[in-house]
4 protein chains.
Amino acid sequence: MQLGVIGLGRMGQIVVERVLDAGHDVVAFDLDDDAVAAAADAGATPADSVTDLAEALGDEKRIWLMVPAGKAVDAALDDLEGSLDADDIVVDGGNSHFEDSVRRAEATDAAYLDCGTSGGPAGAELGFSLMIGGPEWAYDELTPIFDAVATGPEGHDRMGPAGSGHYVKMVHNGVEYALMQAYGEGFELLANGRYDLDLEAVARTWNNGAVIRSWLLELCEEAFREEGSDLGDVDDYVAGGSTGTWTVQEALEQEVPLPLIYQALSERFASRDDRFSRRLANRLRYGFGRHEVARKDE
Amino acid sequence: MQLGVIGLGRMGQIVVERVLDAGHDVVAFDLDDDAVAAAADAGATPADSVTDLAEALGDEKRIWLMVPAGKAVDAALDDLEGSLDADDIVVDGGNSHFEDSVRRAEATDAAYLDCGTSGGPAGAELGFSLMIGGPEWAYDELTPIFDAVATGPEGHDRMGPAGSGHYVKMVHNGVEYALMQAYGEGFELLANGRYDLDLEAVARTWNNGAVIRSWLLELCEEAFREEGSDLGDVDDYVAGGSTGTWTVQEALEQEVPLPLIYQALSERFASRDDRFSRRLANRLRYGFGRHEVARKDE
Amino acid sequence: MQLGVIGLGRMGQIVVERVLDAGHDVVAFDLDDDAVAAAADAGATPADSVTDLAEALGDEKRIWLMVPAGKAVDAALDDLEGSLDADDIVVDGGNSHFEDSVRRAEATDAAYLDCGTSGGPAGAELGFSLMIGGPEWAYDELTPIFDAVATGPEGHDRMGPAGSGHYVKMVHNGVEYALMQAYGEGFELLANGRYDLDLEAVARTWNNGAVIRSWLLELCEEAFREEGSDLGDVDDYVAGGSTGTWTVQEALEQEVPLPLIYQALSERFASRDDRFSRRLANRLRYGFGRHEVARKDE
Amino acid sequence: MQLGVIGLGRMGQIVVERVLDAGHDVVAFDLDDDAVAAAADAGATPADSVTDLAEALGDEKRIWLMVPAGKAVDAALDDLEGSLDADDIVVDGGNSHFEDSVRRAEATDAAYLDCGTSGGPAGAELGFSLMIGGPEWAYDELTPIFDAVATGPEGHDRMGPAGSGHYVKMVHNGVEYALMQAYGEGFELLANGRYDLDLEAVARTWNNGAVIRSWLLELCEEAFREEGSDLGDVDDYVAGGSTGTWTVQEALEQEVPLPLIYQALSERFASRDDRFSRRLANRLRYGFGRHEVARKDE
């Protein structure tokens, strides 16, 4: 099969290589010439533009978008407009909001598959987990490609109609925030508790047979190996948060309580600034109890 | 009535003055001579020692302990041992753990009343709220004293047997933590939200007729008036936490969920240090997504 | 001053009566004839329609909308269209979303004041707390009306430009959810704890001098007096939630953590159904530990 | 090596079988004769009593206790008293509180290893994760046994001195509660969200390559396969909670905030009864807003 890939960042390059390795042909484009050259080195046919890529694909185009969520997806679809018809298939493999995917599926002449992609750069070797929404025929048609990009046939599935792939991926990320924070709480207690522990050894022991073993716990093990049991100079600032925010927003719509996921998201927000609420509590303790007020730079 | 008061800190002095103002007699003792002199200035009879105080009170001793929770209470009771019999009444007006109060009630020859005292230094004028546990006859006997120390007859009540006064006070403080944090969250959103608001004006408007009006909200109003809407240099460090900790411990025993109170207590703990859990989350985002790790001092 | 009032439900009638009591004139309209008749009985001039009301007000119309948030507000403004010009003032005293108020302020020919109203039916006697957004001249012009509807001059204030009144009211309600749940946790522990307590007496004692005294705690006292310390047959179902949801949504936008308010909102959602997450936890304990699975109707 | 095993429930039998399979000898005892017979069938030497077992082991006794945490451990140690000296080693493989383990290590004449055991009945094939505290020589001496019971050399480690094994296991379980609830929240949203999803397929797709893949997620997959995407008649009652409670208690001592773990524990408590706090909130909404009170059996 021949696949066009638009967007050749870290994740896009992995898609290109895994698809090539599985014996398919790839036509590759990115705004960055170096990224196109890297894909060509790997065996892809380079394209000069989206239009060029579309022409190279001929009829029954199969195109994978691996660009940042948001305007870049719409820009790519704009560039493709006029080149697509109902026999073509476009996959959005990025972290788009599911409502954007529903909108794009309706607006695009081609069949549109929204594909949540999980596994990170580690997926280069193992393959990704792909959660896919959209028309069944398009999913079936692209199965050989999904087999190649995913860990194998078990690593991808059609979740349902348009938007469902990115919906499931959104929830995946919300769960991910909570899992990270849950492990973090456990290690925080161990790091401040009664014993002087080697946290890498703790994580390794847990990863071999314990109920809480997981890939994230393997990453904890790696982190303690590389940074030490005290995490060295790693700061307590946590970036990111958009997919977790979407998850909570959707849960508010559905009136589903997500206290752990919300709390994990809150920790990210709280990591970025003083807490005004604590400053007020500090001051109020003076108000009613004449407890000394802690002041900054004291 | 004649009352002995042991412990003449800020709260003890208020007890002395309110009891004197109501026309009773007070014998006062503290380890600090200046505090005894201050009580004497207010009209109390000074005592040189606990034994001296006990002797001055004659039969049917009524003694109010207003000393720090913990060893100071046991030390005062040790000093009183031998001077007390079943006709005497001892009141512990401090923040003792209810299980200590149960133990002391059993070990003391006198009737023992555990008295949770709320209202802070502001109670000097208004009077306190008194939550009292112990024998009914002793509570009835001391009613004139409680009328004087409390806001009046409505401001004190017998909660039940030994320990119940400090038990109710413990829960009061747990609720207090959560209320402070709840107001704090609201003001934190207002301080970081879409409008440039005068938070003193917000608090004042709320305190006049709004559902959430309260004494703590009046203290918020005062805080914003004195510190400004940005709370000036007030730090986000919150001290204290023992009674909140006791509340959560008791709720664990009773299997009662207290998520808001626990969260408010957690904010205090979290205010005192980096969060290890966030540092791990920061590092894990590199592990799976190769997101840049924020380092300290960058 | 002459005020037109559109919407004569419980809250609207209170506005009518308080404005009349202050010596102003009121023209009143509601879709329900009985409500109009009740307002007329109180001394208002009845109107047959919004148009009739607008005509009765002459130039420099001052109109208070007290209709349910959402379409009813837009419908009333539609009916007023054509009757309003830049000298007129419309107040929306309901629980509108602040973004709707900003939109309406821009679309309306009259000056538009968004007015968050707190205090509930109890405000009939005491007066309300009014948080007002919009043009300063309009707020100043209506001050006599606000003095009458609020608890007095301290019970209302201009928060800032369009939308700020409803914004502050939205946050007020988020705080309200958390305060209710905080008191609830305290009483839940007392109701399940070591002592057999009279919760009305606890609440009354707290309301007289304790740090956590408040109007909501007075309502707790009333609830225990009327329902008993076990709350009788009061169910653990909590309705409502829209303003709390808006508060959390806005905090997500601003990246402000609101763990207590979120938790309080979550309790409402959780009260309405089984928790799927608990059902899965129940089943997973079988998965790893062969613990017996609790089944429904056993 | 020869190992005595006391306690032949599900977990004890697995220990017996894995140790026998590794070529060691086992002497086995349980109060239940059938359990002893089952161990004998597997190749162990049956013992009639603890004393009998101790005698059968000769000098340098190595004994594994696999009895319920609490009094059963003390009873077994009592029965062993007099038979043990400083050359002997006792392993407690159950879920004891770490402070009990410290106490027992001090009181026992033998070397004492506290061994947290994770993996559940599934460990029969795979082997367990063993977190071990106590003297280094005893840990080294028993390494062949630990290799056999664990997944292999990577599946066990000495955490530190007495108590550290059960300490790390306690925290493991606290994390386990939070992970289960985190997955549960994600699936709760999916089950109540916008798409009709096959949750087994979601879990399977995630387990193949996604960031959140784990053994617990494999158990989720199994649960949905066996119970359906709606979990059939699985109730929302969650039993258990002692190790999670210990984790939170220890974190209170150490002033480490564990909001997710606490929340997960709270869900268990909340699953067992009405929430009094919600009942009060329901009633308070009538108090200030005259909202209808939901009553039971309506």
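Atom set for the values below is all heavy atoms of this structure, side chains included, hydrogens, waters and symmetry mates excluded. To find a chain, count down the sequence lines: A is the first, B the second, and so on, and within it residues start at 1.
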Between [options], which residue shows the highest count of heavy-atom pairs closer than 4.5 Å to chain A?
options: D:Asn173, D:Asn192, D:Thr117; value: D:Asn192
options: D:Gly163, D:Ala122, D:Ala201; value: D:Gly163
options: D:Gln181, D:Glu250, D:Arg158; value: D:Glu250

For [X] and [Y], indicate whether the former's side chain and the latter's backbone hold a donor-acceptor pair under 3.5 Å.
X: A:Ser164; Y: D:Tyr195; result: no
X: D:Ser118; Y: A:Val211; result: yes
X: D:Glu185; Y: A:Val175; result: no

Where [X] and [Y] come nearest, the two heavy atoms and their spacing:
X: A:Tyr167; Y: D:Gly193; answer: OH-CA, 3.2 Å
X: D:Tyr183; Y: A:Leu179; answer: OH-CD1, 3.5 Å
X: D:Ser214; Y: A:Ser214; answer: CB-CB, 3.3 Å
X: D:Pro257; Y: A:Glu188; answer: CD-OE2, 3.8 Å

How far does [atom1] of [X] sit from [atom2] of [Y], to the nearest 0.5 angstrom?
X: A:Asp196; Y: D:Met159; atom1: CG; atom2: CE; value: 12.5 Å
X: A:Arg213; Y: D:Thr151; atom1: CZ; atom2: OG1; value: 8.5 Å
X: A:Tyr262; Y: D:Gln263; atom1: OH; atom2: CD; value: 13.0 Å

Non-hydrogen atoms of chain D under 4.5 Å away: do they reach the side chain of [X], the backbone, both or neither?
X: A:Thr247; value: both
X: A:Glu253; value: side chain
X: A:His156; value: backbone
X: A:Leu130; value: backbone
X: A:Glu267; value: side chain
X: A:Leu126; value: side chain
X: A:Ala203; value: neither
X: A:Val102; value: side chain
X: A:Asp157; value: both

Under 4.5 Å, counting heavy-atom pairs only, tell me which of [options] racks up the most with chain D.
options: A:Gly120, A:Gly174, A:Pro161; answer: A:Pro161
options: A:Glu176, A:His172, A:Gln254; answer: A:His172
options: A:Ala264, A:Ala210, A:Ala182; answer: A:Ala210
options: A:Ser266, A:Gly160, A:Gly133, A:Ala162; answer: A:Ala162
options: A:Ile261, A:Leu197, A:Thr205; answer: A:Thr205
options: A:Pro259, A:Ala178, A:Gly119; answer: A:Pro259

salt_bridge(A:Glu99, D:Arg194) N-O dist < 4.0 Å: yes
Audit row: D:Phe187, A:Val171, side-chain contact (heavy atoms from CB on, under 4.5 Å) steps and yes/no: CA-CA 8 Å; D:Phe187 285 114; A:Val171 175; over 6 Å; no
When you compare the side chain of [Y] with that of [X], does any pair of heavy atoms fall below 4.5 Å?
X: D:Asn208; Y: A:Phe128; answer: no
X: A:Val202; Y: D:Met131; answer: no
X: A:Trp215; Y: D:Leu217; answer: no
X: A:Arg204; Y: D:Glu154; answer: yes

Structural part of D:Glu255 lying under 4.5 Å from a heavy atom of chain A: neither
Contacting moiety of D:Leu219, where chain A heavy atoms sit under 4.5 Å: neither
